Amino acid sequence: MGLALPVALALLLVWALVVVSRGRKNGSPPAESHSAPFSVWGWLAGNVSKNENERARGVEAEARAKLAMEQRSARRMKQTSRGQRVLKEALEFCPHDYSDTHGEGTRRVLVLYGTEYGFSKEVARKIAETLAERVADCAPRVLSTAFFNVLEPARENVIVMACSTTGDGVVPNDARDLHEAMSAGVEEEVIAMPSEAAEKMADDTQSAAPRCDKHQANPLFKGMSEQNKFAVIALGDRAYAHYCRGGLVFERLFRAHTSSSPLVSTGMINQEDWSAIDAWIDSLVCALDKEPVLRQGDDDDYLLSSVLELDSSSTAKTSVSKSAFANDNPAELAVNYTRSRPYIAAVAERRMLTKVLEHGDKETVHIEFDLGNSGLDYRCGDAVGVLPANCPDIVTDLLVELAANSHDTIQMRNGEEMSVQEALTFHFDLKNLKPDLLLFIRTRVNSTQRALLDDLLDGADPHGKSEKVLSYLHEREIGDVLADFSSANLQLGDLVPYLKPLLPRYYSISSAPRAALDHSAAIPTQLPARLAATVAVLKYETLGRQRKGVATTFLADRVQVGGKVPIFVSRNMDFRLPASPSVPVIMIGPGTGVAPFRAFLQERLGPAPLAPQGKSVFGAYGSENGASESSSATIQASNWLFFGCRHEARDFLYADELLAYERSGGLRLVTAFSRDQADRKVYVQDRLKEHGLALWKEIDTGRAHVYVCGDAGKMAADVHTALLDIFKQHGEMSQVGAEMYMAGLEKEHRYQRDVWAS
Ligand SMILES: Cc1cc2nc3c(=O)[nH]c(=O)nc-3n(C[C@H](O)[C@H](O)[C@H](O)COP(=O)(O)OP(=O)(O)OC[C@H]3O[C@@H](n4cnc5c(N)ncnc54)[C@H](O)[C@@H]3O)c2cc1C
Ligand SMILES: NC(=O)c1ccc[n+]([C@@H]2O[C@H](COP(=O)([O-])OP(=O)(O)OC[C@H]3O[C@@H](n4cnc5c(N)ncnc54)[C@H](OP(=O)(O)O)[C@@H]3O)[C@@H](O)[C@H]2O)c1
Ligand SMILES: Cc1cc2nc3c(=O)[nH]c(=O)nc-3n(C[C@H](O)[C@H](O)[C@H](O)COP(=O)(O)O)c2cc1C
């Protein structure tokens, strides 16, 4: 017994030292303990002294405590500056230095954003800027949902969430972990809610809150209550079947955790409708004005200290990769390249997949990137993100128009200086123009051109948007607009605030990683050596001038084999083959929609068993002739592909490979050549109906997985209707029954769509 106290103290001291040194090993000073009840530093400074030789040790302890306090305050100052540097990357504070606005009596407002393509981030910034300007006692911070693990939501007075929807009605990749964490303990219907129900719910802020079992809730959200106010703005596009579903699901999750309603009705924003966004922000400002200001008991912001523990780059890496790979095997996916840190890949191969016989025929290219020793990995169903470059001719014309020298420098939004040439080539979208550019130009033109602009802008909203303006801009690129209103004499610096950033373009990966292994490598690796994409080249004419798609002509015409392209992989966890190779799959992919299905087939059957004169893109895995081990193992499973194109002789993509799979018995191929018959068009959905009974059996009895890829607008909707018709006819169901049956398939992940609206 006599030894117990000294031993316990010794153990405690060892533990304390271990904890302290661990903190240092990470390169960060030990974290200030704001929420933990026990502070190692406090213990070292005070508690140890209260043993033998109390007086002497008391003096020493006092000195140590003083020293510790001084060190703490020095560290605190250092941390604050380091913290603010880190926070500048992880968090954004609006509109000025955060430390000036934050303090006791300030309402903590967190603006969270979940984004796939960056728009929600822009909206989040605007919300924070407006609240900082118009709401009293308000210190808004902006944070990506990818960093949600630094949050203590119960300590936020207000959480405003801006979230888009991606894929077939799912939350963006960077919000997946948050979604999963918030879903723990919450009724399942909330999480997998059909958008129609969600839409109804969004209209009714008073409706009953969904339930959350607090015992099962993720610890992060357990403390949330009706004291934690929230509001959601959902960014989406009406062209998609599940309009704004991502934001609406978060609204339901916040309701469940707070057992209350949002401060204002959830905003549902179609495309980039800034007027609707402004109106929603106005309603939020009014609601916050009416809310009593709940004072925080402390003047420390827990976010600041949390973020201090994380190095900015490793934070980005761990959070983003964790979110991106949620359902994948992280061990397999060692390296994560992103749009801000892409891999610079060399083009290894490019070939034309179509024959252009007359003007207007489709040009589609197959392009392969060499992954070198990047460590980059991907899975079937993923897309590759490409950071394109604008056409040099367009950049040169613009430089002339702006009377600028290519070597002049320009300061970018993030403060970086770069040459005008570089900025115009890699950073600005010179095609998709914002309507408010016209409002700005109106302030600079002469009276004749002003009259023209007045006419054009007549009836436009405060952001310059109207049907007339949109159709004017649709036909024009930046050079055309500057030429139309040449009297404005604009400089590039004038234009910058009105130009959108040049965004990455996505392409469904059309190779299977295991079909792309490099068997000749000195050190064998399980990582793919190549990555393929299937790119339909965009060329069209407006106002008598030929126009080019930025990325497609970059990939098809401007980059040479051996040339470099910045790429990254965009995971798509909602478009995956069934785990078992014996489960039948039905793939519906007209045009370039066939891309991921080429990867699926390679995964299930091995590289296409082409005749000797044919050329397989990747080396065979399994055996020399391409009839791989996996093909013999999976040949029993049914692989059914519905492919459509205009003409069999011109744009039947990968015809040699698909026909070879068919010949080998691995693939059931059904084609719809829309323009090969004079009297009418034949589409994939017509073929689906022709095979209705067999399809129904394969889905209902065979438990097949159904995949659709390609155009989200018309094709995906028509195919959906055709499938419902098949269920009604062959499954003898009513319309409602067929829809419920389809919902069941979706829930079981047996109906997956990877569609995109142009
Ligand atoms: C997840 C995903 C996967 C995708 N997979 C593929 C794929 O596998 N293969 C593929 O080819 N594409 C795919 N896409 C589409 C691809 O990302 C690009 O959007 C497409 O290639 C066009 O890019 P671009 O830069 O060449 O065109 P941009 O320069 O972006 O031009 C497109 C814009 O041009 C304008 N435009 C187009 N036609 C006309 C016209 N006739 N008149 C006036 N204006 C017009 C429109 O404003 C349109 O938005 C995918 C998209 C997503 C989101
Ligand atoms: N993951 C993705 O999201 C993804 C992947 C790949 C491609 N895409 C997108 O998918 C679209 C198709 O690409 P593409 O240019 O290669 O195709 P495309 O050649 O324009 O069209 C392919 C075939 O589909 C037919 N078609 C047109 N309307 C249809 C409808 N309502 N239902 C069924 N078939 C229809 C076309 O017929 P007609 O022209 O004769 O009418 C043609 O025969 C593009 O928008 C592309 O960007 C998206
Ligand atoms: C591949 C893809 C899938 C999409 N899916 C949906 C969807 O299911 N529902 C919806 O309302 N909007 C959908 N959208 C539209 C986006 O949500 C919308 O463009 C939004 O403004 C993007 O915001 P972000 O840049 O913050 O991601 C989709 C967009 C793309 C490119």
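Just so it is clear, the model here is predicted, and its values are computed rather than measured. No hydrogens, no waters, no symmetry mates; every other heavy atom, side chains included, goes into these values. Read the numbers this way: they start at 1 and go in the same order the structure lists the ligands and their atoms.
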_ligand 3 atoms in contact with Val755 (distance to a heavy atom under 4.0 Å)_ = 1 (C)
_Short N or O distance, Gly644 and ligand 2, threshold 3.5 Å exclusive_ = no
*Decide whether an N or O pair under 3.5 Å exists between Lys362 and ligand 2.*
yes
Would [X] count as being in polar contact with ligand 1, using the rule that some N or O on each side must be under 3.5 angstrom apart?
| X | answer |
| --- | --- |
| Ala536 | yes |
| Thr542 | no |
| Trp756 | no |
| Asp754 | no |

Is the contact between [X] and ligand 1 made by the side chain, the backbone, both, or neither, using heavy atoms and a 4.0 Å cut-off?
| X | value |
| --- | --- |
| Ala551 | both |
| Glu475 | neither |
| Val550 | both |

[atom] touched by protein heavy atom at under 4.0 Å:
| atom | result |
| --- | --- |
| atom 38 (P) of ligand 2 | yes |
| atom 44 (C) of ligand 2 | no |
| atom 9 (N) of ligand 3 | yes |

*Below 4.0 angstrom from a heavy atom of Lys714, which ligand 2 atoms are there? Numbered from 1 as shown, please.*
31 (N)
*List every atom of ligand 1 that sits less than 4.0 Å from any heavy atom of Asn432, numbering the atoms from 1 in the order shown and giving each element.*
47 (O)
*Hey, which atoms in ligand 1 end up nearer than 4.0 Å to a heavy atom of Val535?*
11 (O)
_Any Val123 heavy atom less than 4.0 Å to ligand 3_ = no
*asked:* Contact between ligand 3 and His242 is defined here as a heavy atom of the residue under 4.0 Å from a ligand atom; is it met?
replied: yes
*So, Arg245 versus Thr165: side-chain donor-acceptor pair below 3.5 Å or not?*
no
*Using distance alone, with no hydrogens and no angle criterion, decide if Arg558 and Thr553 have a side-chain donor and acceptor under 3.5 Å apart.*
yes
Would you confirm whether the ring centroid of [Y] sits within less than 6.0 angstrom of the ring centroid of [X]?
| X | Y | answer |
| --- | --- | --- |
| Tyr506 | Tyr117 | yes |
| Phe600 | Tyr707 | yes |
| Phe250 | Phe230 | no |

*Who's the nearest protein heavy-atom neighbour of atom 18 (C) of ligand 1, and how far?*
Tyr507 OH, 3.7 Å
_Judged on heavy-atom distance to atom 4 (C) of ligand 3, which of Tyr506, Tyr240, Trp756 sits nearest?_
Tyr240
*To which of Ala383, Gly236, Gly167 does the heavy atom nearest atom 3 (C) of ligand 3 belong?*
Gly167
*State whether the side chain of Glu116 and the backbone N or O of Asn173 hold a donor-acceptor pair below 3.5 Å, judged by distance alone.*
yes
